[in-house]
Amino acid sequence: MKIGIIGGGSVGLLVARYLCEYHDVTVYVRNKAQKQKLNDHGLFLSSCTTPCRVNALLTSEFEQEDCVIVCVKQPEISAVLPLITHLNEQTPILFLQNGMSHIEFIQKITRPVYIGIVTHGALRKSDHIVMHTGKGVIKLANFSGNEEDLFDLVQKLNSEAFPFTTETNWHEILAKKLVVNAVINPLTAIFEVPNGEIIHNTYLMRLAKELCREACLVLQLDFMDQWNTVQSVAANTKENISSMLRDIKTNRKSENDAISGYLIKKSISDIPYTTFVYNSIKVLEIKKGIIE
Ligand code: PAF
């Protein structure tokens, strides 16, 4: 299959690295230096010495693909949508973002859309080297395509080394992932700690529990179930740096609006812990000159 992956960040490179074993993969990136690195040297998984051949193009050079996987973060999603209008009406598009604010944009797309979440740990070491820091899975659910086509697609994408699964309810998978991100991401970014601290530091754990309670209230999920999930993600990724902490450290806009901001917008009552972390991340972004 000819697969187009939009975004050369950690998730985009990880997905490209595994899919290029069996497919003809093109990674669409924003800067020329990354395009050149990928085309000249190939794409490396840091644990392997042999690179994988991928094509790299700029997003402005977008071509027809059999399937497109959108891996950019929430703040860049609106810039991607015009590219999609050039695709064939039947081309399936997969969205793999944290948070839920991309749904508003996706609703306007007239191609078959499938929504997914990524539970892998990934770290971009450079323009063409990615580290797979924790084996997980990509869960996909139908949004505006159809179940049978999704099943066929997942069969083509799935492999033992890099599994894809189908789920029945896109809202549920995104909401459950959102709870994890609404707890782990802002706390680790504000306190500059790895994910494991959420459950190892008593005071952080108290804050984490309150954030989890608020997110569950807004998304109408069972608190105990989600709190158990948060704790196991924090334990399984204990040495990892969350994407939000990484974004702030590297002066990139975080997914604050799509995560805590989304919950604040959705909530019909006050959610003070979430509001506090949302404002705190904005403070850090202003302090670092990421936003004004
Ligand atoms: O955004 C992230 O970093 C990850 O989704 C998570 C779940 C917090 C684990 O590192």
Side-chain angles (χ1 to χ4, degrees), residues 7 9-15 69-77 94-102 115-125 130-140 162-163 167 172-201 204-205 207-209 211-212 214-216 219 221 225-250 252-263 273-274 277-278 280-281 284-285 290:
S10 51
V11 172
L13 293 184
L14 186 75
V15 173
I69 309 182
V70 181
C71 297
V72 298
K73 295 236 183 94
Q74 291 272 357
E76 290 124 60
I77 268 266
L94 278 47
F95 282 86
L96 302 180
Q97 279 66 36
N98 280 334
M100 280 178 100
S101 55
H102 54 307
I115 291 188
I117 58 138
V118 180
T119 70
H120 293 277
L123 181 62
R124 191 181 107 140
K125 297 292 274 181
V130 66
M131 233 173 118
H132 195 175
T133 53
K135 189 175 169 179
V137 59
I138 294 186
K139 296 182 184 175
L140 289 171
F162 201 66
E167 303 287 326
E172 193 177 312
I173 54 170
L174 281 196
K176 288 182 174 170
K177 179 80 195 294
L178 178 56
V179 176
V180 173
N181 290 126
V183 177
I184 298 181
N185 294 30
L187 289 179
T188 52
I190 294 165
F191 294 101
E192 298 191 21
V193 289
N195 296 350
E197 279 302 290
I198 298 289
I199 47 169
H200 294 134
N201 179 314
L204 262 186
M205 185 143 121
L207 296 174
K209 252 190 179 165
L211 285 172
C212 184
E214 289 184 351
C216 289
L219 299 167
L221 293 169
D225 284 353
Q226 299 320 306
W227 177 239
N228 286 337
T229 307
V230 169
Q231 290 184 91
S232 61
V233 173
N236 293 338
T237 63
K238 62 178 191 290
E239 270 144 32
N240 289 10
I241 297 299
S242 77
S243 54
M244 194 170 278
L245 174 54
R246 216 181 310 136
D247 284 338
I248 305 278
K249 275 197 178 293
T250 54
R252 278 197 309 250
K253 191 167 190 289
S254 76
E255 295 178 299
N256 193 26
D257 287 318
I259 299 173
S260 310
Y262 176 84
L263 292 174
Y273 286 87
T274 307
V277 294
Y278 174 78
S280 303
I281 296 295
L284 292 176
E285 289 179 331
I290 303 170

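Counting starts at 1 for both ligands and their atoms, following the listed order. Numbering starts at 1 and runs along the sequence shown. Predicted, not measured: the structure shown is a model, and the values here were computed from it. The figures here come from the full heavy-atom set of this structure, side chains too, leaving out hydrogens, waters and symmetry mates.
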- Task: Taking atom types as modelled, find out whether Ser254 and Glu285 have a side-chain donor-acceptor pair closer than 3.5 angstrom.
- Result: yes

- For Asn98 and Lys73, test the side chains for any donor-to-acceptor distance below 3.5 angstrom and give the result as yes or no. no

- Should Asn240 be listed as contacting ligand 1, given a heavy-atom distance under 4.0 Å as the test? no

- Does Lys177 come within less than 4.0 angstrom of ligand 1, counting non-hydrogen atoms of the residue? yes

Would you say the side-chain atoms of [X] pair up with the backbone N or O of [Y], donor to acceptor, closer than 3.5 Å?
X      : Y      : value
Glu214 : Tyr273 : yes
Thr133 : Gly121 : yes
Gln97  : His102 : no
His120 : Gly136 : yes

- Note on the structure: Which of Asn185, Asn240, Thr237, Asn236 passes side-chain hydrogen bond (donor to acceptor under 3.5 Å, both in side chains) with Asn195? It is Thr237

- Which residue supplies the protein heavy atom nearest to atom 5 (O) of ligand 1, what is that atom called, and how far is it? Asn181 ND2, 3.0 Å

- Note on the structure: Residue, atom and distance of the protein heavy atom nearest atom 8 (C) of ligand 1 read Asn185 OD1, 3.0 Å

- Item | Close side-chain approach of Leu140 and Leu94, heavy atoms under 4.5 Å | yes

- At under 4.0 Å between heavy atoms, what of Thr119 touches ligand 1? The answer is neither

- Thr188 and ligand 1 - part of the residue with a heavy-atom distance under 4.0 Å: neither

Give yes or no for whether the N/O distance cutoff of 3.5 Å, strictly under, is met between [X] and ligand 1.
X      : answer
Asn195 : yes
Ser243 : yes
Ser242 : no

- Message: Closer than 4.0 Å to some heavy atom of Val180 - which atoms of ligand 1 meet that?
- Response: 7 (C)

- Run the numbers for me: atoms of ligand 1, each under 4.0 Å from some heavy atom of Ile184, listed by number. 8 (C)

